[in-house]
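Report on the structure given below.
Remember, it's a predicted structure, so these values are computed and weren't measured experimentally.
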Amino acid sequence: MSDNNNESTTNTIDHTTNLLIDKHVEYIVKLGSKKDSFEYWVTEHIRMNGMYWGLSSLYLLKSLDKLDKNEVIQWLLSCQKPNGGFGGNTSHDDHLLSTLSAVQILIQYDALDKININTVVDYVVKLQREDGSFVGDQWGEVDTRFSYAAIMCLSLLKSLDKINCEKAVEYILSCQNFDGGFGSIPGAESHAGQIFTCVGALSILNKIDKIDIDKLGWWLSERQLPNGGLNGRPEKSSDVCYSWWVLSALSAIDRLHWIDNDKLKTYILKCQDNETGGIADKPGDIPDVFHTFFGICGLSLMGYFKDQIESIDPVYALGTKTLQKLGLNLPWNKNL
C-alpha cells in the first residue's frame, strides 16, 4: 500500500487515522465486474454471502443505492430452490447460511414480498433435529452457526414459534465450555466465531441470562493482542474479522468497555488499502469484501465515525434503523 503523494488524493490521507469511505465504496461496487479474476471464481460458490457482506457494507457507508436493486433481487431469486432454500449461487445447492444471507439482503431492500415467506420458513424448520440442533443442509453437518442462522432467519420472518426453542437453547448451552466460551458442537474448542453465534441466538431467544456473562466477557477480552487487534482463540494472530465476532458478543453482553477500543480502531484503520480501497485481515495484506464488512462493523459497534457510518446491530448483523422498521425488540442495542 503506497502513500505516494503523486497518486490519487485519497492516497495522501492518513489511512491510519481516517476511514477511506469513497475508496471502500468504489472497491465494493467494482467487485462484481472483476469476472476475469481468480478471486471472483474461487468465491463463486458463496456469492450470496458475498453479496450480503458487500451490500451491508454499502448500507453502513450510506451508499446502498450504488448497486442496482432490481438486478440484485432478480439474481437472488434465481438462487432459490423448489424447497424454499437458497443456494450460494444459481448453480449451487441450497444451504441454511445462503438462505439467511438472502433474507438479510431482501430485508435491506424492503423486498420480502418478492418471496413466499412460508416456503422459506418451512425449509428452515425442517433442518432442526430432535436434540434441538440444526443441520446446514441435506448432508447433515451440525454446527452452532446453523443454530444461529436458523433462529435469526425465523426471527426476521416472525416465525420462531415454528421450532422447538427450548430444545434449541438446551443444545446451544451444551456447547459451552469450562472457560465460558462456546464451540461448534459439544466438546469442541471455544472460538470467537462460535461464541458470536451462540450469544446471538440466546439473545434473540431471551435466554442470555443462562450464561456466566463475566466469565465469557473475560475470555473475549483476552482476545486483544498488544497490536490492538483481536484473535479468535488463544495463541493465534490478530485478524480484522474478529473485530466483529468478538466485539458483537462483547456488545451484546454489555462488556465492550473491557477492551481498548482506541487501539482496536487504529488496528482496523491500518488494515485499509489506500490504493484500491477495502480492508484486509492484517496491515499490508490484500483486502476482500469479508474483512471490509467486518472491519466497518467493528468501527460502528465501537461508535467511531458516527457521522459517516450507520449503526449496526450486534446480534442481527443488520442496520439498527432497518431492524427498527421491522418492529423487533433489541434490548442489547445501545444505540436505541
Is there side-chain contact between [X] and [Y], with at least one heavy-atom pair below 4.5 Å?
| X | Y | value |
| --- | --- | --- |
| I21 | I309 | yes |
| M302 | I268 | yes |
| F86 | M48 | yes |
| Y316 | L156 | yes |
| T90 | R47 | no |
| W332 | D313 | yes |
| L230 | V240 | no |
| I211 | L173 | yes |

Side chains of [X] and [Y]: do they bring a donor and an acceptor to under 3.5 Å?
| X | Y | value |
| --- | --- | --- |
| N177 | S190 | yes |
| Q176 | D212 | no |
| N231 | S238 | no |
| H291 | D285 | no |
| N335 | T320 | no |
| Y304 | D262 | yes |
| T144 | Q194 | yes |
| N83 | D94 | yes |

Counting only heavy atoms from other residues, nucleotides and ligands, does the tally under 6.0 Å from [atom1] of [X] exceed 12?
| X | atom1 | value |
| --- | --- | --- |
| I286 | CD1 | no |
| D131 | CG | yes |
| K321 | NZ | no |
| K207 | NZ | no |
| K210 | NZ | no |
| K334 | NZ | yes |
| K30 | NZ | no |
| Q324 | CD | yes |

Looking at [Y], is its backbone amide N or carbonyl O close enough to the side chain of [X] to form a donor-acceptor pair, meaning the two atoms are under 3.5 Å apart?
| X | Y | answer |
| --- | --- | --- |
| S203 | V199 | yes |
| E189 | G183 | no |
| N89 | S91 | no |
| N261 | I259 | yes |
| K265 | D260 | no |
| S155 | M152 | no |
| Y109 | V72 | no |
| Q224 | S221 | no |
| S300 | I312 | yes |

**Prompt:** Testing L202, L330, I204, L328 for side-chain contact (heavy atoms from CB on, under 4.5 Å) with V315, which one passes?
**Reply:**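 With V315 as partner, side-chain contact (heavy atoms from CB on, under 4.5 Å) holds for just one option, I204.
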**Request:** Let me know which of W245, Y52, Y242, F196 forms a ring-ring contact (aromatic ring centres under 6.0 Å, His included) with F294.
**Result:** W245
Between atom [atom1] of [X] and atom [atom2] of [Y], what is the distance when rounded to the nearest 0.5 Å?
| X | Y | atom1 | atom2 | result |
| --- | --- | --- | --- | --- |
| T197 | H191 | OG1 | NE2 | 10.5 Å |
| K126 | K162 | NZ | NZ | 13.5 Å |
| I117 | L154 | CD1 | CG | 11.5 Å |
| L323 | I107 | CG | CD1 | 7.5 Å |
| E170 | C175 | CD | SG | 12.0 Å |
| L55 | K69 | CG | NZ | 10.5 Å |

**Prompt:** Going hydrophobic residue to hydrophobic residue with side-chain gaps under 4.5 angstrom, can you get from L247 over to W258?
**Reply:**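 They do not share one cluster, since no chain of ILVMFWY contacts under 4.5 Å joins L247 to W258.
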**Prompt:** According to a 4.5 Å side-chain heavy-atom criterion applied to Ile, Leu, Val, Met, Phe, Trp and Tyr, with indirect links allowed, do Y59 and I73 form part of one hydrophobic cluster?
**Reply:** yes
**Prompt:** Taking the six-membered ring for Trp, are F146 and H95 ring centroids under 6.0 Å apart?
**Reply:** yes
Testing the basics here: between [X] and [Y], what is the closest heavy-atom pair and its distance to 0.1 Å?
| X | Y | result |
| --- | --- | --- |
| T292 | S57 | C-OG, 4.3 Å |
| G54 | I28 | O-CG2, 3.7 Å |
| T17 | F305 | O-CZ, 4.0 Å |
| L96 | Y123 | N-OH, 3.6 Å |
| A192 | W219 | N-CH2, 3.8 Å |
| K62 | K306 | NZ-O, 4.4 Å |

**Request:** State which residues pass salt bridge (Lys or Arg N to Asp or Glu O under 4.0 Å) with D214; sequence neighbours excluded, sorted by chain then number.
**Result:**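 Here the qualifying residues are R255.
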**Request:** Could you tell me which residues satisfy ring pair (Phe, Tyr, Trp, His ring centres under 6.0 Å) with H24, sequence neighbours excluded, listed by chain and number?
**Result:** none
**Steps toward side chain to side chain donor-acceptor pair (under 3.5 Å) verdict (Q108, S56)** = CA-CA 8 Å; Q108 292 185 82; S56 301; 2.9 Å; yes
